[in-house]
Amino acid sequence: MESGRRLVLLVTLVLTLTAAASAAEEKAAAKRRHAYAAMMYMGTPRDYEFYVATRVMMRSLAKLNVDADLVVIASVDVPVRWVQSLQEEDGVKVVTVENLKNPYENQGNFNSRFKLTLNKLYAWSLISYDRVIMLDSDNIFLQPTDELFQCGQFCAVFINPCIFHTGLFVLQPSMDVFKNMLHELEIGRENPDGADQGFLASYFFDLLDQPMFHPPGNGTKLHGTYRLPLGYQMDASYYYLKLRWSIPCGPNSVITFPSAPWLKPWYWWSWPVLPLGLSWHEQRRKNLGYGSEVPVMLIQAVMYMGIIAVTRLARPSLSKLCYNRRPEKSILILHATLKLAALWSILAAYTLPFFLIPRTVHPLLGWPLYVLGVASLSSVVVNVFLLPPLPVLTLLLGIVGSLFVMAFPWYSDGVVRALAVFAYAFCCAPMAWASLMKVTASLQNLLEREAFFPRLGESTQLSEFNKLY
């Protein structure tokens, strides 16, 4: 009887402590006065990639145990399943907004992919927070940056000597500022690029003259506007020159990729072309995984191996082909068409797999699948046009070699790496040209084969004197 009472008391104590801990966590979360925020909108060819990038960034922040809410400002047309994944799987608070009309889209230098970037201004409407760190999705966090919540009303990094970068900035939400910004949009405030970057640079035009931010040791918040040290927005291009980080300004906390859209780090071809591409994919592997892309890749791999098997079994017997040594002018156009078809088929064999691979897979999965795809489609071209395999695959071998040259991890700096890639390309160029000449010569021999392309206006039954076996 006594042991039963003790058991009941123990269970009650455990349940009470669990409930108290849960209530404390909920209370602490409810009291969070800071937020890391990003935005999502639809209407570009890369919507899915930015969705994946946003999830990876938010999960990496959660893993760093930042003391702030994670918020995504999503336009109303973002798919419901994406919103649910952010909320239920990533623990993100989603704020749904209407797209802001961009009054600069008729400017001569306007880029349509920036049409909805002014949605970033909604960050000033998050007035339930004291400070918000607004982020682009192409940031890699190396360590927490919660000290930035001590900054003033607006703080940003100058990765360009004269213009600050809006990939990361700190702000104090204010409906007055937000309404004033909307008014400035209506009256057509000067905006050099028609995007959020140009508008904010025009709005906070005197930021370059402001002092550098240094977080107070007592944790108090500053007032006013400040420049942030470069370590909070380390441009990836700085790394490529020396293949290491050497930024003395502030903590080396955040890497950003303000490069061409097709060289963003989440694309599988970004590595080893750009060495830091693998860093982003390592963050995705640890935080999100590749479950959505793996089934598609497995299907493609099976399809490519099946193509190779079928073409091996269907390989024609070259010994049965005959040759006609009497060219006719009447079929020169058809011969040229056939040559062009063969060359275009080779080009398609090299390009089609590139576009079929899911764009956000890990490079160590994407490149092998690309090689397998090119090899399988090239085998079809080789068998259809009776070409020698090695010249057709020489370019593929060169691509594989260049990947190893670029991925070599012991270059002293980026200049040496670039010279090594250039030297490799210089050495491979003659072989690539020789392979092209070999392919064209093989096509010419093919066109003379009577069994493949019979002479027009004449029966395929030729006399023994016209055939050379």
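The chain is numbered in sequence order, starting from 1. Just the heavy atoms: all of them, side chains too, but no hydrogens, waters or symmetry mates, feed the values below.
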Return each pair, listed once, that meets salt bridge (Lys or Arg N to Asp or Glu O under 4.0 Å) where at least one residue sits in [range]; pairs must be two or more places apart or across chains.
| range | answer |
| --- | --- |
| residues 99-108 | Lys101-Glu105, Glu105-Lys115 |
| residues 260-286 | Asp138-Lys264, Glu282-Arg285, Arg284-Glu293 |
| residues 184-195 | Glu184-Arg189 |

#### Entry: Side chains of Ser442 and Asn445, donor plus acceptor under 3.5 Å
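The answer is no; no qualifying pair exists.
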
### Query
In terms of side-chain heavy atoms, does Gln283 have a donor or acceptor partner in Lys63 at a distance below 3.5 Å?
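No pair is found: no donor N or O on one side chain lies under 3.5 Å from an acceptor on the other.
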
Which residues pass the side chain to side chain contact (heavy atoms under 4.5 Å, CB included) test with [X], not counting sequence neighbours?
| X | answer |
| --- | --- |
| Ala37 | Val71, Leu126, Val132, Met134 |
| Phe408 | Trp410, Tyr411 |
| Leu241 | Val415 |
| Ala301 | Leu369, Leu372 |

Under 3.5 Å, side-chain donor or acceptor atoms of residues 340-350 against the rest of the protein: list the pairs with distances, not counting sequence neighbours.
unit_1 : atom_1 : unit_2 : atom_2 : d
Ser345 : OG     : Ala341 : O      : 2.7
Tyr350 : OH     : Val392 : O      : 2.6
Tyr350 : OH     : Leu396 : N      : 3.0

#### Entry: Those residues that, when tested against Arg359, pass salt bridge (charged side-chain N to carboxylate O under 4.0 Å, His left out) (two or more places apart)
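Scan of Arg359 (salt bridge (charged side-chain N to carboxylate O under 4.0 Å, His left out), adjacent residues dropped) gives Glu49.
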
### salt bridge (charged side-chain N to carboxylate O under 4.0 Å, His left out) partners for Lys438, two or more places apart
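For Lys438 there are no salt bridge (charged side-chain N to carboxylate O under 4.0 Å, His left out) partners, ignoring immediate neighbours.
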
### Query
Could you give all pairs that pass the ring pair (Phe, Tyr, Trp, His ring centres under 6.0 Å) test and reach residues 424-444, with sequence neighbours left out?
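Qualifying pairs: none.
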
### Query
Is Phe354 close to Trp269 at the side-chain level, that is, under 4.5 Å between some pair of heavy atoms?
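Yes, their side chains come closer than 4.5 Å.
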
### Message
Counting C-beta onward and ignoring hydrogens, is there a side-chain heavy-atom pair between Arg417 and Pro275 closer than 4.5 Å?
### Response
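The answer is yes; the side chains approach within 4.5 Å.
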
### Task
Could you label the plane-to-plane angle of the Tyr370 and Trp268 rings as parallel, tilted or perpendicular, counting under 30° as parallel and over 60° as perpendicular?
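Answer is tilted, since the angle falls between 30° and 60°.
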
Could you pull out every donor-acceptor pair under 3.5 Å between side chains of residues 76-89 and any protein atom, sequence neighbours left out?
unit_1 : atom_1 : unit_2 : atom_2 : d
Asp77  : OD1    : Ser75  : OG     : 2.5
Ser85  : OG     : Arg81  : O      : 3.0
Glu89  : OE1    : Arg55  : NH2    : 2.9

### Query
Only one of Phe154, Tyr232, Phe169, Phe205 forms a ring pair (Phe, Tyr, Trp, His ring centres under 6.0 Å) with Phe164, so which one is it?
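The option that passes is Phe154.
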
